[in-house]
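Here is the naming used below: chain letters follow the sequence lines, and residue numbers restart at 1 for every chain. Not measured: the values here are computed from a predicted model.
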Amino acid sequence: MTQIKDMKDIVALCKRRGFIFAASDIYGGINGFWDFGPLGTELKNNLRDRWWKDMVLCPPIGPDGTPVEIVGVDSAIIQNPKCWEASGHVGGFNDPMVDCKESKKRYRADHLIVYLPKSYDPEMDGALLFPCFDKDETPEDVEKRLKKLNLRSDISQYEVISFVDIKTWAYTNPNDDYGISHPKNYCEQYKIDELVRIPDSHKILRDRIIGPDTKTVGTLGEPRMFNMMFHSYAGAAAGEENKVYLRPETCAGIFLNFKNVVDSSRVKVPFGIAQIGKAFRNEVTPRNFIFRSREFEQMELEWFCEEKDVPMWFDFWVEQRKRFWESVGVPLNKLHFLDVPKEELAHYSSRTIDFEYQFPFSGEGYDELEGIAHRGNFDLTQHQEFSKTKLEYMDPQDPKNRYLPHVIEPSSGLTRGVLALLSEAYTVDDSRPSGVYMNFTPEMAPKKAAILPLTAKDDHVPLAQKLYLELREEFVVDLDIKQNIGKRYARQDEIGTPYCFTIDNDTINDQTVTVRERNTMAQERIHMDKVKEFLHEKMRAGASALKKAA
RNA sequence: GCGGGCGUAGUUCAAUGGUAGAACGUCAGCCUUCCAAGCUGAAUAUGCCGGUUCGAUCCCGGUCGCCCGCUCCA
């Protein structure tokens with residue numbers, strides 16, 4: 001039977017059962033932000049804790065047969081703003097964009113160039129027009145289009161100016177011999193004395209520009225800055241001098257503490273530093289539930305190693321990360337491993353592999369869940385330069401050998417991981433009363449078990465309470481007394497509780513309870529004293545499957 | 001941010017220029033010895049702001065949010 005998983009249904013279930021709510025729901029929500037409810041919080045914590053355990057508490061066995069060395073940090077969300085200049089985010093995340101009313105396209109304003117005729121001849125040029133092109137356009141294509149637009153087709157007769165500089169140019173060079181020639185003519189034509197007197201002179205110029213994909217003038221709007229980074233002001237006075245940024249990724253905090261960790265933690269290359277935390281991006285279009293939100297959580301490892309060992313460690317981490325996702329309930333056959341093509345790699349990366357999952361909204365495609373990148377020693381180099389602090393690592397065997405280690409970065413989205421777990425677990429089953437159940441692994445399930453007295457009368461309730469109090473010391477469990485047993489099973493199915501322990505009359509006589517398994521709905525009886533052990537064994541199943549694969 | 005579609009209980013849907021109904025869910029009670037049974041009862045909705053109108057959930061504008069496409073992206 002083909003299961004149709006609809007994102008809408010998953011979102012509805014998440015709200016109905018308390019996994020995830022729209023942030024500020026009672027105020028009508030706020031785009032790009034989500035709140036985790038009681039069950040969502042448990043689920044997220046389970047995934048987070050498991051990652052931390054696999055990375056920091058019980059890191060994997062390395063190629064040499066001994067466990068690799070990884071330590072954790074938890075850095076501030078706000079750091080010295082210079083840090084984001086070093087990382088390239090202040091430059092790279094602030095792109096001026098411009099929209100075209102006609103072609104409905106959006107362009108990077110700094111990628112557009114405007115062609116200005118070096119001299120204006122009313123006979124030849126007619127109305128003064130400034131055709132605009134993408135900077136990567138070939139001269140041949142430019143000339144072709146100029147001809148089509150009935151303009152001079154000889155490129156040498158034009159000056160070229162960046163679209164973003166038009167405002168500056170119009171205001172600052174009004175009397176420039178070269179700069180004024182066009183606007184001056186334009187002004188004469190419209191009986192305007194001086195360009196500088198017109199408050200919106202740049203706008204008038206802009207009104208004569210022909211967008212890259214149109215034939216008409218004035219369809220390009222004002223360029224606007226897209227600040228991908230959220231900012232705030234540290235201190236009471238709000239001014240540029242104390243402007244700070246909310247981190248757009250967690251990894252910077254690791255690099256900033258590289259030296260502190262090396263100096264304080266007796267780690268030796270190769271080693272890793274791990275961090276889990278919130279990051280913030282002012283996404284243009286938050287979409288697809290919690291997949292692209294403006295506040296999200298990342299789990300990142302920076303693995304520091306010698307350059308010569310990069311290929312070995314890269315493969316090692318790809319393998320480890322595959323096992324991780326498999327063991328938390330995302331089968332490898334649901335993942336797509338994309339060796340990012342050279343031309344799409346970040347400038348500092350020589351190799352990146354994206355783990356992509358087919359989310360319900362992905363259609364035939366896949367969307368990124370985790371990325372493993374070789375970042376070279378770009379980050380440490382940058383921070384060393386910008387901070388003027390030596391970050392070189394000293395080889396303990398050879399104190400003369402100082403170097404900036406290379407980095408392999410397995411970076412996964414915790415928020416996206418939760419969405420993958422939800423999507424993967426959501427299982428339509430018309431044969432059962434709930435119509436759907438959440439097939440979480442026992443380890444990831446927000447509730448490990450429910451304790452259900454078969455009836456709310458007689459002696460079932462006290463026995464159930466006793467079992468509940470015992471179990472809750474070690475597991476997240478529910479005690480549910482009210483309503484008929486079928487309703488309660490159904491409710492547990494919908495929240496993905498793998499086991500229900502039911503107390504009935506036999507329990508009073510022989511201290512056995514029925515275990516009802518979520519996926520099969522099969523039942524067996526076990527002794528009350530064995531329940532803890534039973535659950536422990538099931539919880540370990542994920543971890544042992546991981547070991548088996550190793 | 002642009003274009004298109006949409007906004008009614010917790011969920012899924014009805015209805016109307018004269019103040020809203022259902023199903024399921026939730027809660028309470030009865031019943032009940034294993035899968036949302038049955039019976040009784042209860043609570044809960046026209047996203048928000050403004051305009052037109054005697055009167056707006058319905059028409060108009062704005063705003064917020066959701067979905068699709070563009071763009072962007074962990």
Side-chain angles (χ1 to χ4, degrees), chain A residues 6-9 11-18 21-33 93 95 97-108 219 221-226 228 248-251 279-300 346 352 354-356 361 363 367-371 373 409 411-417 419 431-435 437 452-458 460 482-494 500-508 513-516 518 521-523 525:
Chain A
D6 192 335
M7 202 62 217
K8 268 190 199 163
D9 297 332
V11 174
L13 184 140
C14 281
K15 178 165 191 186
R16 182 156 36 95
R17 290 305 183 187
F21 309 119
S24 317
D25 203 7
I26 60 170
Y27 284 97
I30 174 166
N31 198 5
F33 298 89
F93 271 49
D95 299 328
M97 305 292 284
V98 58
D99 291 315
C100 177
K101 272 185 276 188
E102 192 168 303
S103 69
K104 303 298 177 203
K105 287 195 174 176
R106 165 174 293 172
Y107 310 94
R108 282 276 296 271
T219 60
E222 292 280 335
R224 283 168 301 116
M225 295 303 282
F226 277 70
M228 290 301 274
E249 56 176 29
T250 52
C251 72
F280 303 82
R281 290 193 178 193
N282 210 350
E283 290 292 345
V284 177
T285 314
R287 280 284 163 92
N288 295 324
F289 199 30
I290 57 172
F291 181 79
R292 175 162 302 124
S293 46
R294 288 179 168 146
E295 175 177 342
F296 57 99
E297 219 159 337
Q298 288 183 307
M299 309 185 286
E300 291 195 297
T352 298
D354 284 346
F355 286 24
E356 301 180 314
F361 52 78
D367 285 290
E368 189 177 347
L369 178 63
E370 166 155 0
E409 177 197 75
S411 164
S412 45
L414 174 54
T415 322
R416 287 183 175 185
L419 185 56
S431 73
R432 68 175 69 206
S434 60
Y437 65 102
L452 313 173
L454 190 55
T455 65
K457 296 196 303 188
D458 304 329
H460 299 166
K482 298 273 182 152
Q483 295 174 325
N484 73 65
I485 193 73
K487 269 193 179 185
R488 285 178 282 166
Y489 282 151
R491 182 161 43 211
Q492 297 300 334
D493 280 350
E494 258 198 337
C500 291
F501 300 109
T502 306
I503 283 83
D504 60 12
N505 285 341
D506 289 349
T507 315
I508 300 166
V513 296
T514 53
V515 185
R516 184 262 195 187
R518 177 195 59 209
M521 297 191 275
Q523 299 188 354
R525 290 199 81 91

- Query: Mind checking what makes side-chain contact (heavy atoms from CB on, under 4.5 Å) contact with A:E297, not counting sequence neighbours?
  - Reply: A:K44, A:I276, A:K278, A:L414, A:T415
Between [atom2] on [N] and [atom1] on [X], what's the gap in Å once rounded to a whole number?
X	N	atom1	atom2	answer
A:N31	B:G7	CG	C1'	15 Å
A:K482	B:G29	NZ	C1'	9 Å
A:R17	B:C24	CZ	C1'	11 Å
A:Q492	B:C34	CD	P	19 Å
A:I503	B:C34	CD1	P	15 Å
A:L13	B:U26	CG	P	13 Å

- Please evaluate the base of B:C34 for a donor-acceptor partner in the side chain of A:T514 within a cut-off of under 3.5 Å? yes
- Query: Could a donor-acceptor pair under 3.5 angstrom be found where the side chain of A:R287 meets the base of B:C67?
  - Reply: no
- Query: Would one find a side-chain N or O of A:R16 under 4.0 angstrom from OP1 or OP2 of B:G25?
  - Reply: no
- Message: Using OP1 and OP2 only, check whether a side-chain N or O of A:N484 sits under 4.0 Å from B:A37.
- Response: yes
- The dot-bracket string of RNA chain B, counting Watson-Crick and G-U wobble pairs with both distances under 3.5 Å, using [ ] for crossing pairs and | for pairs to another strand, is (((((((..((((....[..)))).(((((.......)))))....(((((..]....))))))))))))....
- Taking NZ, NE, NH1 and NH2 as the nitrogens, is one of them in A:D9 or A:R16 under 4.0 Å from a carboxylate oxygen of the other? no
